[in-house]
Engineer: 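Structure incoming, see below.
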2 protein chains.
Amino acid sequence: MTTPQRVEADLGWALHQVTRAHIKIVEQVLSGIPGGPRGYQVLAAAEEGTPTQLALARKLGLDRTVMTYLLDELVTEGLVERRPDPADRRARQIHLTVAGRAQLCDLERRLREVEEHLLAPLEAAERDQLRELLARLATTVQVEGNACQVAEDIKRA
Amino acid sequence: MTTPQRVEADLGWALHQVTRAHIKIVEQVLSGIPGGPRGYQVLAAAEEGTPTQLALARKLGLDRTVMTYLLDELVTEGLVERRPDPADRRARQIHLTVAGRAQLCDLERRLREVEEHLLAPLEAAERDQLRELLARLATTVQVEGNACQVAEDIKRA
DNA sequence: TATTGTTATACTCTATAACTATA
DNA sequence: TATAGTTATAGAGTATAACAATA
């Protein structure tokens, strides 16, 4: 399975190969975070506001029970805190800790490096072209769910 | 999560969105095949030669026990046959049946349509550009494993 | 009565190990 | 002794259902 002569092989094959390579290196960067890529996404979402657990679960396309387990680990690692929601005593707001914010900042820097590494084989102009074309396609195809979920789907396929 | 302002959001987000969309529609096309995308890949590989089960498992990056289950289903559906390998009585060669060959032909046609549908938002010249850039990147990044496996990885991420 | 979060249970998928038959 | 294929068992990950607290 070097260079495909077949069918699906075309766009699908290339798309999956590149995505797979991206996932592999991203997983390495995020291997130290509880929940891996998911944990990172929780941190990123928590930085943007103070979402409740349910809001977080919906945003990331996860079951709320999975979110409970995931947050248990992130809390244990001291990256986030659960605080009572003053407006609704049933809900918990998720806040980044100082350590969580520092961790997130570091991860974001390393993820940018990963992208640059992945695109390195292309010329600068080509990298921009690819980014632009993919971004345009991505906004038009818009599938329900999230990018993280893609990893699940790809594996199942 | 409409248009991302964040980080990973850039290339990774677009790449995963497009891949996810591709997986979704491919899964619909292959939903009737035992094993889904995997079953299709077995059919495609069986058409190219007469691989043994083990060769097939290695090519698709699957455990040989999984291959047994997968082939059981494909045989039940009448798409492939197990035949004794004349050169090694331990091994079984996997052959496409007439129905399997017809099924494969139909699937390939529909998968080509899926690709065209996915790229429809782009101009003809842009589609060619994207295909070319992705193909070039795919051949350079070359991760061990197969494209089908990507679906597994994406989900896990 | 409905909803947030938690916990316990069940299910799916995959890997691991053990077994048969060949080599 | 090693390998191809099968089968049984155990494990990780997820979803389902039941529960407590609150709305």
Side-chain angles (χ1 to χ4, degrees), chain A residues 23 27 30-31 33-39 41-42 45-46 50-76 80-95 145-146 148-157, chain B residues 23 27 31 33-39 41-42 45-46 49-76 80-95 145-146 148-157:
Chain A
I23 291 168
E27 277 182 347
L30 301 178
S31 62
I33 305 299
R38 278 183 180 171
Q41 290 206 336
V42 168
T50 53
T52 64
Q53 293 191 194
L54 190 59
L56 220 39
R58 286 184 177 142
K59 182 165 190 170
L60 303 185
L62 301 176
D63 194 275
R64 58 185 186 158
T65 65
V66 174
M67 185 57 64
T68 296
Y69 304 136
L70 186 53
L71 288 172
D72 285 348
E73 293 180 277
L74 291 170
V75 167
T76 299
V80 303
E81 288 176 350
R82 281 189 249 237
R83 295 187 199 168
D85 184 333
D88 183 344
R89 288 200 292 174
R90 293 173 303 180
R92 312 290 182 85
Q93 288 181 341
I94 303 305
H95 291 254
N146 64 90
C148 192
Q149 181 65 22
V150 179
E152 305 296 326
D153 297 339
I154 281 194
K155 294 188 185 179
R156 183 153 22 230
Chain B
I23 289 168
E27 277 182 345
S31 62
I33 304 299
R38 278 183 180 170
Q41 290 205 335
V42 168
T50 54
T52 65
Q53 292 191 195
L54 190 59
L56 220 39
R58 286 184 177 142
K59 182 165 191 170
L60 303 186
L62 301 176
D63 193 275
R64 56 184 188 158
T65 64
V66 174
M67 186 56 65
T68 296
Y69 304 136
L70 186 53
L71 287 172
D72 284 347
E73 293 181 278
L74 291 170
V75 167
T76 299
V80 302
E81 287 177 350
R82 281 189 250 237
R83 295 187 199 168
D85 184 334
D88 184 344
R89 288 201 292 174
R90 294 172 302 180
R92 313 291 182 84
Q93 288 182 342
I94 303 306
H95 290 255
N146 64 89
C148 192
Q149 182 65 21
V150 178
E152 304 298 325
D153 297 339
I154 282 197
K155 296 190 183 179
R156 183 154 21 228

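Per chain, numbering begins at 1; letters A, B, ... match sequence-line order. Just so you know, these numbers use all the heavy atoms, side chains as well, and skip hydrogens, waters and symmetry mates.
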Engineer: Let me see the working for A/Leu62 and A/Arg38 under side-chain contact (heavy atoms from CB on, under 4.5 Å), right down to the final yes or no.
Structural biologist: CA-CA 9 Å; A/Leu62 301 176; A/Arg38 278 183 180 171; 3.3 Å; yes
Engineer: Rounded to the Å, how far apart are B/Arg83 CZ and D/dA4 C1'?
Structural biologist: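 Atom CZ in B/Arg83 sits about 19 Å away from atom C1' in D/dA4.
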Engineer: Could you list the donor-acceptor pairs under 3.5 angstrom formed by side chains in residues 66-74 of chain A, with sequence neighbours left out?
Structural biologist:
residue	atom	partner	partner atom	Å
A/Thr68	OG1	A/Arg64	O	3.3
A/Asp72	OD1	A/Arg82	NH2	2.2

Engineer: Return the minimal non-hydrogen interatomic distance between B/Pro51 and B/Ala46, and the atom names on each side.
Structural biologist: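 Shortest heavy-atom contact: CD-CA, 4.1 Å.
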Engineer: Could you please spell out the steps behind the side-chain contact (heavy atoms from CB on, under 4.5 Å) verdict for A/Gln53 and A/Ile94?
Structural biologist: CA-CA 7 Å; A/Gln53 293 191 194; A/Ile94 303 305; 3.9 Å; yes
Engineer: Could you pull out the closest heavy-atom pair between A/Glu27 and A/Pro37, with the gap in Å?
Structural biologist: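 Distance-wise, the nearest heavy atoms are CG-CG, 4.4 Å.
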Engineer: Quick one: A/Asp63 CG to C/dT4 C1', roughly how many Å, whole number?
Structural biologist: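 Rounded to the whole Å, the gap is 13 Å.
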Engineer: Would you mind reporting whether B/Arg89 and B/Asp85 have side-chain heavy atoms less than 4.5 Å apart?
Structural biologist: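 Side-chain contact under 4.5 Å: no.
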Engineer: Using atom CD of A/Glu73 as one end and atom P of D/dG13 as the other, report the distance to the nearest whole Å.
Structural biologist: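 Checked: the CD to P distance equals 9 Å.
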Engineer: For nucleotides 6-11 of chain C, give me every protein contact, N/O to N/O, under 3.5 Å, one pair per line with atom names.
Structural biologist:
residue	atom	partner	partner atom	Å
C/dT6	OP1	A/Arg82	NH1	2.9
C/dT6	OP2	A/Gln53	OE1	3.3
C/dT6	OP2	A/Gln53	NE2	2.7
C/dT6	OP2	A/Thr68	OG1	3.0
C/dT6	OP2	A/Arg82	NH1	3.2
C/dA8	N6	A/Tyr69	OH	3.3

Engineer: In whole angstrom, give the distance that lies between atom CD of B/Gln93 and atom P of D/dA4.
Structural biologist: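 From B/Gln93 CD to D/dA4 P: 14 Å.
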Engineer: Can you check nucleotides 21-23 of chain C for protein contacts, nitrogen or oxygen pairs under 3.5 Å, and list what you find?
Structural biologist:
residue	atom	partner	partner atom	Å
C/dA23	OP1	B/Arg89	N	3.0

Engineer: For a quick test of reading the model, state the closest non-hydrogen atom pair linking A/Gln41 to A/Leu60 and the distance between them.
Structural biologist: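 Residues A/Gln41 and A/Leu60, closest heavy atoms: OE1-CD2, 3.5 Å.
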Engineer: Nearest 0.5 Å, what's the CG-CD distance between A/Asp88 and A/Gln93?
Structural biologist: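 Output value for this atom pair is 10.0 Å.
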